[in-house]
Amino acid sequence: MSVNALAEQTSIKSDIEVLIVEDSVHLRRLMGIWLENLGYKVQLASNGREALEVLARSKISLVISDWMMPGMDGIELCREIRKNPQDHYIYIILMTARSFQADFIEALNAGADDFAPKPLYHDHLVVRLRAACRVIELERGLKAQHDRAKELYQQMENELEAAAKLQIELLPFDRKYGSIDVRSLLVPTSFISGDCQNHFPLPGGRVLAYQADIAGHGIRAALLSVTLQRVLTPSFCCWKNGEVLKAEQIVDRLNDRLLSKTDTPEYFTMFLTIVDPASGHVSYCQAGHPKPVLLHSQGAIEWIGDGGFPVGMLSEADFEEGTCQIAPGDRLMIFSDGVTECPAPSGELLGSHRLTEILNMLSMEKEAIGTNVEVQILEHLKAWHGSDLFPDDVSMLSIYAVKEK
Amino acid sequence: MLVEKDIDSHTKLVTLDTQRLDVLNAGTLKRQIQSLIEETPNRLVMDFHTVNFIDSSGLGVLVGLLKKAGAPDRLVICNLQPPIAEIFGMTNMDRVFSIYPSVDEALAAKAG
């Protein structure tokens with residue numbers, strides 16, 4: 001192949017900046033002319049130290065350096081370049097008259113990529129430049145892809161963060177319905193959450209309060225949680241004549257409405273209650289959700305519920321209703337499984353027995369339990385986990401019958 | 001994540017080779033069991049004795065596989081550790097799946 005044909009194949013490489021490091025003025029200039037004729041942008045240095053100065057101020061992609069030079073030689077220059085990694089790869093060709101195996105190994109270990117034998121011939125150099133350009137262009141392509149991926153990831157992260165904010169805004173405000181005080185707490189695991197809670201008054205004076213935990217994590221879970229919050233409204237809970245459905249009928253209706261038709265069912269567990277503030281009567285439906293606890297004003301702790309089908313999983317699921325009574329000073333606490341399944345640093349899960357211990361401890365401190373028990377449980381949970389970044393969404397809903405003063 | 005053993009021409013025993021069945025490996029389990037369901041004529045017995053944690057994604061995949069199998073005795077489960085049995089109980093999945101205390105009982109149930 002003629003030199004011109006070779007030059008054509010290397011094409012114009014004006015975007016690749018080359019640094020020539022050579023102590024012989026004559027050879028340095030000659031190489032400079034060769035490379036400029038091939039279309040490269042060229043910088044010159046007469047030894048390693050000068051080369052480092054040029055590298056510091058220009059965006060050099062390719063270094064062609066003599067091996068033997070006064071001051072800093074080619075090997076040392078390689079080591080210096082590799083010592084401070086740049087944001088792009090610098091390809092290094094060492095020029096040498098040496099031919100011993102050990103010399104090549106030393107140079108490769110120092111960070112050289114290729115060698116050009118001295119005396120230097122134009123077309124030998126051109127072939128090596130082509131090899132260098134292939135590597136440099138590959139690296140540039142990969143870097144561009146990497147940067148693009150990083151940019152997209154950042155964009156997604158920003159959007160998730162915005163979604164998480166919206167989701168927090170969807171959470172109900174703590175509020176009182178007559179003598180019933182309903183409070184909620186939600187700590188999402190990573191931005192958006194699959195747990196959700198809500199409460200609202202029903203026609204006739206009773207209150208609907210629920211907590212749900214959507215299976216899985218991330219965007220799909222969050223979207224289903226938003227759908228649930230949109231669907232489950234006071235009118236959804238009533239017959240056409242305005243009469244309120246029973247707890248298990250509401251869950252059954254939800255199951256019909258949100259039944260998953262995907263291969264792997266998208267479903268959620270929930271604990272749904274209908275509370276009568278006047279009497280303290282609670283009817284509930286436990287749909288695969290962990291057992292809630294009834295904290296009696298006298299300190300007794302009672303776990304309630306016998307389990308039940310999750311919602312959206314099976315069309316043939318039938319749901320059952322249970323009832324309990326909250327007297328003034330009593331509190332019904334609903335937890336997501338992120339509480340009992342919260343791991344200690346050792347990996348051991350909290351479990352319902354340790355949650356019972358925590359609740360026992362809190363109900364000893366009578367003063368405390370009357371107020372923000374969910375926040376206190378959260379503090380215990382952080383201590384158990386050794387951090388406040390939980391691996392699963394942690395949520396609690398507290399339904400408290402206010403004691404008359 | 002599965003160790004397979006042919007019991008006879010109609011029955012296959014698969015032992016889960018993991019302690020956790022969760023969002024990270026549920027998809028792999030789904031693919032592997034799905035193809036086994038297709039190639040096993042009668043009965044797939046899943047031995048869960050290694051598993052001590054299952055999350056909602058894991059449970060969802062199991063239900064999806066049971067639907068795929070078409071009948072409860074085509075995909076049966078045995079050897080549940082107490083925490084897993086508790087979750088099956090809490091979600092009524094003990095009514096949906098055929099669950100046996102041991103491999104032997106799961107295999108014998110077929111003859112009976």
Side-chain angles (χ1 to χ4, degrees), chain A residues 189-190 194-195 212-218 220-221 224 255 259-271 285-292 303 305-320 335-338 340-341 343 347-353 391-393, chain B residues 1 18-38 46 50-75 77 80-99:
Chain A
T189 164
S190 53
D195 282 7
D213 179 357
I214 318 291
H217 293 289
R220 284 158 76 115
L224 184 49
N255 192 56
L259 187 67
S260 172
K261 289 172 186 76
T262 52
D263 243 15
T264 298
E266 287 167 50
Y267 67 96
F268 55 92
T269 67
M270 89 184 303
F271 195 91
C285 179
Q286 182 185 15
H289 207 69
K291 288 183 179 193
W303 294 92
D306 301 315
F309 289 101
V311 187
M313 189 188 249
L314 299 162
S315 59
E316 64 273 25
D318 53 345
F319 298 93
E320 288 158 26
F335 304 98
S336 65
D337 60 3
T340 45
E341 287 174 4
E348 195 181 353
L349 306 183
L350 183 77
S352 47
H353 61 292
D392 193 4
D393 301 327
Chain B
M1 65 185 295
T18 177
Q19 292 192 5
R20 295 172 62 91
L21 178 54
D22 59 17
V23 63
L24 299 177
N25 60 13
T28 311
L29 181 87
K30 179 181 155 183
R31 280 192 301 280
Q32 294 186 355
I33 296 286
Q34 227 163 29
S35 57
L36 288 180
I37 287 172
E38 278 157 22
M46 293 177 77
T50 56
V51 181
N52 59 27
F53 181 86
I54 185 167
D55 73 355
S56 53
S57 303
L59 201 62
V61 159
L62 289 179
V63 172
L65 288 169
L66 186 67
K67 286 182 180 174
K68 173 103 189 164
D73 59 349
R74 283 208 64 209
L75 181 71
I77 290 177
L80 291 182
Q81 287 194 36
I84 310 300
E86 193 184 321
I87 286 171
F88 272 68
M90 197 166 74
T91 52
N92 275 4
M93 289 303 110
D94 52 358
R95 300 191 201 170
V96 175
F97 286 92
S98 298
I99 301 173

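Every chain is numbered from 1 and lettered A, B, ... according to where its sequence line falls, protein lines coming before strand lines. All figures in this text were calculated on a predicted structure; none of them were measured in a lab.
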Legend entry - Within-4.5 Å side-chain heavy-atom neighbours: A/T269 and B/M90: no
Legend entry - Heavy atoms of other groups near B/Q19 CD, more than 12 under 6.0 Å: no
Inset, instruction - Could you tell me the separation between the CG atom of B/N92 and the CG atom of A/D318, rounded to the nearest 0.5 Å? - result: 8.0 Å
Inset, instruction - Identify which part of A/Y267 has an atom lying under 4.5 Å from any heavy atom of chain B, answering side chain, backbone, both or neither. - result: side chain
Inset, instruction - Identify which part of A/E341 has an atom lying under 4.5 Å from any heavy atom of chain B, answering side chain, backbone, both or neither. - result: side chain
Inset, instruction - Would you mind checking which part of B/I87 comes under 4.5 Å of any heavy atom in chain A, side chain (CB onward), backbone (N, CA, C, O), both or neither? - result: side chain
Legend entry - Leading residue by heavy atom contact count with chain A [cutoff under 4.5 Å; candidates B/V63, B/V23, B/L62, B/D55]: B/V63
Legend entry - Contact summary for B/S56 and A/A215, nearest pair of heavy atoms: OG-CA, 3.2 Å
Inset, instruction - Please check if atom CG in B/D73 has more than 12 non-hydrogen atoms from other residues, nucleotides or ligands closer than 6.0 Å. - result: yes
Legend entry - Other residues, nucleotides, ligands: >12 heavy atoms within 6.0 Å of B/E86 CD: no
Inset, instruction - May I have the step-by-step check of side chain to side chain contact (heavy atoms under 4.5 Å, CB included) for A/D263 and B/K30, ending in yes or no? - result: CA-CA 10 Å; A/D263 243 15; B/K30 179 181 155 183; 3.8 Å; yes
Legend entry - Distance (rounded to the nearest 0.5 Å) between B/T91 OG1 and A/M313 CE: 6.5 Å
Legend entry - Value rounded to 0.5 Å, distance of CG in A/L314 from CZ in B/R95: 11.5 Å
Inset, instruction - Find the one option among A/G308, A/A287, A/G216, A/P310 whose heavy-atom pairs under 4.5 Å with chain B are most numerous. - result: A/G308
